Amino acid sequence: MPSNSELAAIFNTIADILDIQGANVFRVRAYRNAARVVEQLSEPIGELVVRDPKALDRLPGIGKGLHEKIVEYCQRGTITEYEELKGSLPAGLLELLNIPSLGPKRVKLLYETLGITTVEALEAAALAGQLRGLPGMGEKSEAKILKSIREYRSLHTGRVQWAVAEAVLTPYLAHLRGVGGIRELEPAGSYRRGRETVGDLDVLATTRGSPADVIAAFTEYKEVKDVLAQGDTKASVVLQGGLQVDLRVVPPGSFGAALQYFTGSKEHNVALRSRAKEYGLKLSEYGVFREEKMVAGRTEEEVYAALELPWIPPELRENRGEIEAAAMRALPRLVERGDIQGDMHVHTTASDGALDIRGMVKVARARGYRYLAITDHSKAVAIAHGLDEQRLRAQIKEIRAIRRELIDFDLFAGIEVDVLRDGSLDLSDEVLGELDFVVASLHFSTELSEAEMTRRMIAAIEHPFVDCIAHPTGRLIGERLPYAVDMNAVIEAARAYHKALEINASPHRLDLNEQHADMARRAGVPVCINTDAHCELELDNIRFGLTVARRAWCTPDDVLNTWSAAKIREWRARRRR
DNA sequence: GCCGTTTTCGGCCCGACTGTTTTCAGTCG
């Protein structure tokens, strides 16, 4: 099955290899651009090619050559040039590109002079002091590479982003639902609890038919690479890509108990079993028992009810006070998708987005939103064609004009303004004062000391026209560590100045993370769940941000973009008075 | 590799930072 993200990955890999080979930088850029275009398509590439072959040529940056490669990918599932290029470099060399401070030129240099093709070999050469003699490298570069290797290793923990697990699991579950007789089918484990990363996946099923049929369909799935175990009611497989999935087929009468047990967390279950004991009950994956008699187990609601508790949302099951709150009938009413009224951080073609203002409004309305803030990059982010004062003024005018045409929909003229090294913003106060919503971001000089980074961020929070700090720690899950920044001080400043902090919903970011979001909520700082969307489909990333907010016990009141547009405007106005 | 009322060649969004240099190469976003 052709997929947009797989094709994008192929194009990016081609670009990496060409880059290392020293190919024309614009040729490399063309592949990277094509990867972005394909990734941002609203329609599966395979369907688009069949439905309207000419549509490919209308895509920006897709010419004759890339057109042919896309068609080849859709027909054959791969691209000849890609296979050839991959064969021209030792496996492992591309991995070196993931190490911060190593780019294509240095990877090529390391390979050609020292024959380095793996992270291990690189580390050994650095420790042996072999790097400092290379052209353009000294002791500092050597030390920095060693530090980068350590960071890289600490980020690659064998767990995958939740969204990656979702992408793998969704078609797998659809495949299993096709088995005759299947009744319930639910993923459990940390996946169901919505942890930001997932180690392996647990799936529970019940069937009217034979468990063996379900197990067989499970192990014969096309993406299965290895079958680790296969029994009458349980099997374990490893999929292409390395993710392990365990399936358990349980008796219908025990489904709720099994789902509860395998959802965890372990800490939640320990606390729950001790509560059961106080009630003279025994709780296991098979049910709730009084002596030998089963008193509950068919559904999770039944299991919790047997312990005189309301059902507890999986996101809260970490033994962080949820059982006590449930016992007092004081569980929070967690924020839900239907509460979200708009997105306060999206991009358009004015900077690096795929749709213009009207296009973004249309796709936001299609998702039931009542308002949208247009927040393109500011001029410091030159690569994204960020807006300077003049272009921003023109955009504000355009937004105001479009806003007047819209019925039952509010449009905020906004910006994602860059916080410079000294904590000042890269646009004048005059133009910032004309805006309806200002999101401030740090993109540059992010390796300063904790004191300096914290001071910068607080300076941005104190700025009278800033409303919200975007992706406050800058971390990329599995790719980049958070900035050195004192989040206690940042949250305290946001509280004092009545500013919001973003939960960036991009599955790569989830920033604030759940701990910081929880700290913000306790401090009374509104969080704003934004997608930072650059195209239509990224608007749907909102669900990942919602999970973070739910795990942080956020109710609708705690989340700025569940408020009405009028309430947001009033919140800003009150602050200025 | 793409693109074109400067059209089939010769351009192609750029600025900051770092470490290595003494004028610049490489990386990052």
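The structure displayed is predicted, hence computed values, not measured ones. Naming convention: chains lettered A, B, ... in sequence-line order (proteins, then strands); numbering from 1 in each chain.
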Under-4.0 Å salt bridge between [X] and [Y]:
| X | Y | answer |
| --- | --- | --- |
| A:E389 | A:K379 | yes |
| A:E398 | A:R393 | no |
| A:R150 | A:E123 | no |

Students often get this wrong, so: under 4.0 angstrom with heavy atoms, is [X] touching a base, only sugar-phosphate, or nothing?
| X | answer |
| --- | --- |
| A:N24 | base |
| A:R27 | base |
| A:L66 | sugar-phosphate |
| A:P100 | sugar-phosphate |
| A:R421 | sugar-phosphate |
| A:E139 | sugar-phosphate |
| A:K144 | nothing |
| A:R480 | sugar-phosphate |
| A:E68 | nothing |

For A:D467 and A:V439, indicate whether the former's side chain and the latter's backbone hold a donor-acceptor pair under 3.5 Å.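 Between the backbone of A:V439 and the side chain of A:D467 there is no qualifying donor-acceptor contact (under 3.5 Å).
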Is any side-chain N or O of A:K379 closer than 4.0 Å to OP1 or OP2 of B:dC13?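 Checking B:dC13 against A:K379, no side-chain N or O comes under 4.0 Å of OP1 or OP2.
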Any side-chain N or O of A:S141 under 4.0 Å from OP1/OP2 of B:dT20?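 Looking at the OP1 and OP2 atoms of B:dT20, one of them is under 4.0 Å from a side-chain N or O of A:S141.
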Could you tell me how far [M] sits from [N] if I compare only their [atom1] atoms? Round to whole Å.
| N | M | atom1 | result |
| --- | --- | --- | --- |
| B:dT23 | B:dC17 | C1' | 16 Å |
| B:dC13 | B:dT18 | P | 27 Å |
| B:dT21 | B:dA16 | P | 24 Å |
| B:dC12 | B:dT6 | C1' | 15 Å |
| B:dC28 | B:dT20 | P | 16 Å |

Name the closest nucleotide to the [X] side chain, picking from [options].
| X | options | result |
| --- | --- | --- |
| A:P104 | B:dT27, B:dG19, B:dG29 | B:dT27 |
| A:S445 | B:dG15, B:dC17, B:dC12 | B:dC17 |
| A:A30 | B:dG1, B:dT27, B:dG15 | B:dG1 |
| A:K140 | B:dC13, B:dT20, B:dG1 | B:dT20 |
| A:H443 | B:dG29, B:dG26, B:dG1 | B:dG29 |
| A:A382 | B:dG26, B:dC13, B:dG15 | B:dG15 |

On DNA chain B, compare the nucleotides closest to A:G61 and A:A384; which residue's is nearer the 5' end?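 Mapping each residue to its closest nucleotide by heavy atoms, the 5'-most match is A:G61.
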Start at the 5' end of DNA chain B and walk down; is the nucleotide closest to A:G138 or to A:I383 reached first?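 Its nucleotide being nearer the 5' end, the pick is A:I383.
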Report the residue from A:T473, A:D511, A:D532, A:N530 that forms a side-chain hydrogen bond (donor to acceptor under 3.5 Å, both in side chains) with A:N504.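 With A:N504 as partner, side-chain hydrogen bond (donor to acceptor under 3.5 Å, both in side chains) holds for just one option, A:D532.
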Knowing that exactly one of A:K105, A:R32, A:K108 qualifies, which makes a side-chain hydrogen bond (donor to acceptor under 3.5 Å, both in side chains) with A:D19?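 Answer after filtering A:K105, A:R32, A:K108: A:R32.
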Name the orientation class of the two ring planes belonging to A:F11 and A:Y31 (parallel below 30°, tilted from 30 to 60°, perpendicular beyond 60°).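 Tilted: the ring planes of A:F11 and A:Y31 meet at 30° to 60°.
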Could you tell me how far apart A:E479 (CD) and B:dC28 (C1') are, to the nearest whole angstrom?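 After rounding, the gap between these two atoms is 14 Å.
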In this structure, how many angstroms lie between the P atom of B:dT27 and the CD1 atom of A:I20, rounded?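 It is 10 Å, rounded to the nearest whole Å.
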Is there a Watson-Crick or G-U wobble partner for B:dT8 with both distances under 3.5 Å, and if so, which one is it?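 Result: none.
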